[in-house]
Structure formats: C-alpha cells, structure tokens
Trainee: 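This is the structure I want to talk about, given as structure tokens.
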Protein chains: 2
Amino acid sequence: MSKIAEPELLNRLTQVFRTHGYEGASLSRISKATGLQRASLYHRFPGGKAEMAEAVLKRAGEWLQAHALQPLTESGPPERRLRQMAEKLDEFYEGGRQSCLLDALSFGVEQGAIRDHQRAAMKTWVDAIATMLRESGLSGRTAQERAEDAVIRIQGSLVMARATGDQMPFRRTLRNLPQELLRKPEPARA
Amino acid sequence: MSKIAEPELLNRLTQVFRTHGYEGASLSRISKATGLQRASLYHRFPGGKAEMAEAVLKRAGEWLQAHALQPLTESGPPERRLRQMAEKLDEFYEGGRQSCLLDALSFGVEQGAIRDHQRAAMKTWVDAIATMLRESGLSGRTAQERAEDAVIRIQGSLVMARATGDQMPFRRTLRNLPQELLRKPEPARA
DNA sequence: GTCTATAGCTTGATAGAC
DNA sequence: GTCTATCAAGCTATAGAC
C-alpha cells in the first residue's frame with residue numbers, strides 16, 4: 001500500500017550504483033538498500049536494472065544542472081560563481097567519499113542508452129564551464145581546454161580519494177579550481 | 001599439456017579486468033579471453049578471481065615501476081624525464097583507450113589484499129613523482145601536491161576518455177604534464 | 001503498490017579423468 | 001596442466017495473490 005517516495009528511492013538507488021558499479025549493483029543489494037522486494041522494483045522500473053541506472057543518471061544530471069551548473073550562468077564575479085559550483089560539488093560527492101556515476105557506470109555497461117546519457121552529461125558539464133570561461137574573457141580554445149581540465153581534475157581526484165581513502169586531494173582540487181580556471185593564459189613557449 | 005605462457009595469460013586477464021571491472025570480470029569472460037577453462041584457471045590461481053585480480057595488479061605495478069617511474073630517477077633534464085614517463089603512460093593506457101586498474105578495481109571490491117595493493121600502488125606512484133620534483137628544486141609541499149595533481153589528471157582524463165570516447169583530453173593532459181609540474185611556483189595571493 | 005514464490009540462467013568454485 | 005561434468009548459490013526477471 002504505502003508507496004515509498006520516488007526521491008528517496010532514487011537516492012538509495014544512486015548510493016548502490018555509486019558504491020558497487022553497474023554489475024556490482026545486484027538486485028539483492030538494491031532490494032536491501034531500498035526496502036523494496038524485487039517485484040516491487042520491477043513495478044517502478046519495468047526495464048529492470050538498466051532503467052534504474054538510467055533514472056539514477058537522469059536525476060544526478062538534473063541535480064548537477066540545477067545546483068552546480070546553474071550558478072555559473074548567474075551574475076557576479078566569475079570566481080565567486082566557480083566557488084559556488086565547487087561548493088555544490090563538494091556536497092554532491094560528500095567531500096570525496098562518493099564516486100561519480102559517470103565513472104562507476106563506465107565499467108560493464110554495453111553501449112546503449114546509459115552510455116549515451118553519460119556522454120551527454122559529460123558534454124553538458126564541460127560546456128557549461130567553457131561558456132562561463134569564455135564570457136570571462138578567455139579565448140574559445142583556452143576556455144574549452146580548461147573546462148575539460150576542470151572536469152578531469154574532479155574525476156581524477158575522486159578516483160584518488162577512493163583508492164587512497166584520503167579526502168584531502170579532492171578538497172584541495174575543489175578549492176584551487178576557481179583560481180586555476182581563471183588564471184591569466186601564458187603565452188606559448190618558444 | 002601445452003601450458004599457456006604466464007605473461008600472455010596475465011595480459012589477457014588484465015584486459016578483462018580493465019574493461020569490465022571486478023564484478024563484471026566473470027569467469028566466463030575470463031575463460032573466453034584466455035582460452036582456458038574454469039578449472040585450468042583455478043589451477044593457476046587457486047585463490048580464484050581475487051587472486052587473479054591481485055596478480056594483475058602486481059604485474060601492472062611492476063610494469064609501471066620499471067618503465068614509467070624508473071626514468072624519473074635517472075639523470076638528464078627533469079622535463080625530459082617527465083616526458084619519458086608520459087610516453088610510457090601513453091603506451092600503457094593505449095592513448096586513453098584502456099582504463100586504469102586502480103579505477104576499474106575500485107568498485108565492488110571489499111577491503112582486503114586488493115584494496116591494500118591499490119592504495120600502495122597509488123602511493124608509490126605519487127611518491128616517485130614527488131621525489132623527482134623535490135630534486136628539481138620544488139619545496140616538499142609543492143612537490144607533493146603537484147605529484148598528486150599529476151596522478152589525478154591522468155586518472156581523470158582516463159575517466160573522461162572512457163565516458164566520451166574521445167582520446168584528445170588524455171593525450172593533451174600527458175603532453176602538458178611536464179611543463180605543468182615544473183612551472184615556477186606562484187607566490188601565495190593576498 | 002507491495003508482496004511471496006518461482007522460473008531459468010549465470011555465477012564462482014570443485015571433483016576427477018586424462 | 002588442461003579438460004568435462006557438476007554443484008550450490010547467486011543472478012535477473014516474471015506470475016499471481018492481496
């Protein structure tokens with residue numbers, strides 16, 4: 001009878017996929033984490049595990065867009081906007097304790113809707129930062145490369161945090177991000 | 001009768017773990033990739049999949065040490081040594097087409113020997129770069145942070161390459177690494 | 001909308017022949 | 001050292017009661 005609220009259900013699903021990856025996110029684990037039996041999960045997600053992963057990716061993308069990327073489009077000093085993004089990312093990844101779904105779901109997933117969604121999410125993220133950097137006066141190419149660098153550093157520091165159990169590199173990366181992205185471009189070397 | 005050579009066996013095992021992660025590396029897939037039946041695999045690795053993963057990690061660590069990190073300790077200009085490391089990493093990760101085991105095996109693996117091995121490997125890698133940067137005149141703290149940054153960027157660019165299918169960010173990261181690591185430290189801002 | 005029960009396949013792992 | 005055959009447990013997914 002009582003229906004578990006969708007947001008909380010997705011939160012718990014997200015947690016499982018982040019921690020165990022796609023193949024490791026068995027229905028047993030999902031069932032235990034959500035408190036729903038297998039059949040109930042299939043009622044909510046007729047497409048099974050793949051649909052659950054898609055829903056989780058979709059929701060994460062929406063959260064990131066609404067909370068981390070949206071501030072980039074607002075007014076105010078560029079550095080401040082980037083700090084707001086960093087703040088939200090720190091929250092999203094729980095200071096480095098949580099993995100990124102774009103990484104966790106990149107193993108053991110055949111090409112299909114999930115992979116398409118991942119690719120699009122990565123592009124959206126990079127584009128949002130690049131657009132903002134261009135508006136701050138950087139050239140198109142520099143903006144694009146630095147935006148990619150930003151996402152690369154975030155992803156890499158999450159990998160390192162997971163491998164070492166140390167959150168410091170992730171937090172330092174977030175802290176330094178605004179200055180690194182906005183620093184004056186150096187002229188090409190001889 | 002005929003025994004498959006250990007190096008080639010480990011090559012194929014590595015390939016499977018890199019592509020599918022730990023849980024996705026099923027014995028069926030491993031069997032198909034190596035041409036050995038389940039029972040034969042258990043003859044080589046009595047500890048089963050966990051022992052295979054450990055062997056693969058051990059070998060990858062040795063390769064990295066011998067080919068990518070060892071040049072850092074040799075004589076010659078620091079930038080040249082770093083370029084040699086980058087060259088070997090490009091080879092190791094096949095220009096970004098291959099994942100890092102430290103990432104692939106960080107999902108769905110409980111704490112134990114594999115995790116210990118990962119943590120140690122990450123530390124060895126960072127330390128080798130940091131030592132080299134200190135010898136090049138950077139302060140201990142700057143050297144440590146930049147070494148962490150280097151590994152972070154490599155890992156992150158591999159994640160991005162996998163998510164987008166584009167190798168360019170990975171190659172650019174490797175190309176810029178030497179200059180980024182050796183650049184003159186900026187004085188702290190007001 | 002949730003449940004129990006179950007189908008059918010795949011998993012990691014083992015026994016024993018050659 | 002490799003194989004075939006097999007096991008119990010796990011897996012995803014479904015049927016049908018409430």
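We name chains A, B, ... by the order of the sequence lines, and we start the count at 1 in each one.
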Trainee: We want to know whether A:Gln167 and A:Glu94 form a side-chain donor-acceptor pair, criterion being a heavy-atom distance below 3.5 angstrom.
Mentor: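 The answer is no; no qualifying pair exists.
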Trainee: Quick check on contacts: within residues 48-60 of chain A, what sits under 4.0 Å from DNA chain D by heavy-atom distance?
Mentor: A:Gly48, A:Lys49
Trainee: Look at the side-chain N and O atoms of B:Ser40 and state whether any lies under 4.0 Å from the OP1 or OP2 oxygen of D:dC3.
Mentor: yes
Trainee: Look at A:Glu145 together with B:Arg175 and state whether they make a salt bridge at an N to O cut-off of under 4.0 Å.
Mentor: no
Trainee: Does B:Arg115 make a cation-pi contact with B:Tyr22, if we ask for NZ or CZ under 6.0 Å from the ring centre and within 45° of the axis?
Mentor: no
Trainee: Applying side chain to side chain contact (heavy atoms under 4.5 Å, CB included), can you list everything that pairs with B:Ala68, at least two apart in sequence or on another chain?
Mentor: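 Testing B:Ala68 for side chain to side chain contact (heavy atoms under 4.5 Å, CB included), a comparison that skips the adjacent residues, returns B:Leu64, B:Met85, B:Lys88, B:Leu89.
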Trainee: Just checking, is any N or O donor in the side chain of B:Arg38 or B:Ser28 under 3.5 Å from an acceptor N or O on the other one?
Mentor: yes
Trainee: Can a cation-pi geometry be assigned to A:Arg162 and A:Tyr93, taking NZ or CZ under 6.0 Å from the six-membered ring centre and within 45° of the ring axis?
Mentor: no
Trainee: Please determine whether a side-chain nitrogen or oxygen atom of A:Tyr42 lies at a distance below 4.0 Å from atom OP1 or OP2 of D:dT14.
Mentor: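 No, because none of the side-chain N or O atoms of A:Tyr42 sits under 4.0 Å from OP1 or OP2 of D:dT14.
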Trainee: Name every residue in residues 15-39 of chain A that has at least one heavy atom under 4.0 Å from any atom of DNA chain D, in order of residue number, or write none if there are no such residues.
Mentor: A:Ala25, A:Ser26, A:Leu27, A:Ser28, A:Arg38, A:Ala39
Trainee: Taking OP1 and OP2 of C:dG1, is either one under 4.0 Å from a side-chain nitrogen or oxygen of A:His43?
Mentor: yes
Trainee: Would a distance-only check, ignoring hydrogens and angles, find a side-chain to backbone donor-acceptor pair under 3.5 Å from B:Lys58 to B:His117?
Mentor: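 Absent.
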Trainee: Rounded to whole Å, how long is the line connecting atom NZ of B:Lys3 with atom P of D:dG1?
Mentor: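 Spelled out: NZ on B:Lys3 to P on D:dG1 is 5 Å.
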Trainee: Do you know which of B:Glu87, B:Arg81, B:Glu79 makes side chain to side chain contact (heavy atoms under 4.5 Å, CB included) with B:Arg83?
Mentor: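 Between B:Arg83 and the candidates, side chain to side chain contact (heavy atoms under 4.5 Å, CB included) is satisfied uniquely by B:Glu79.
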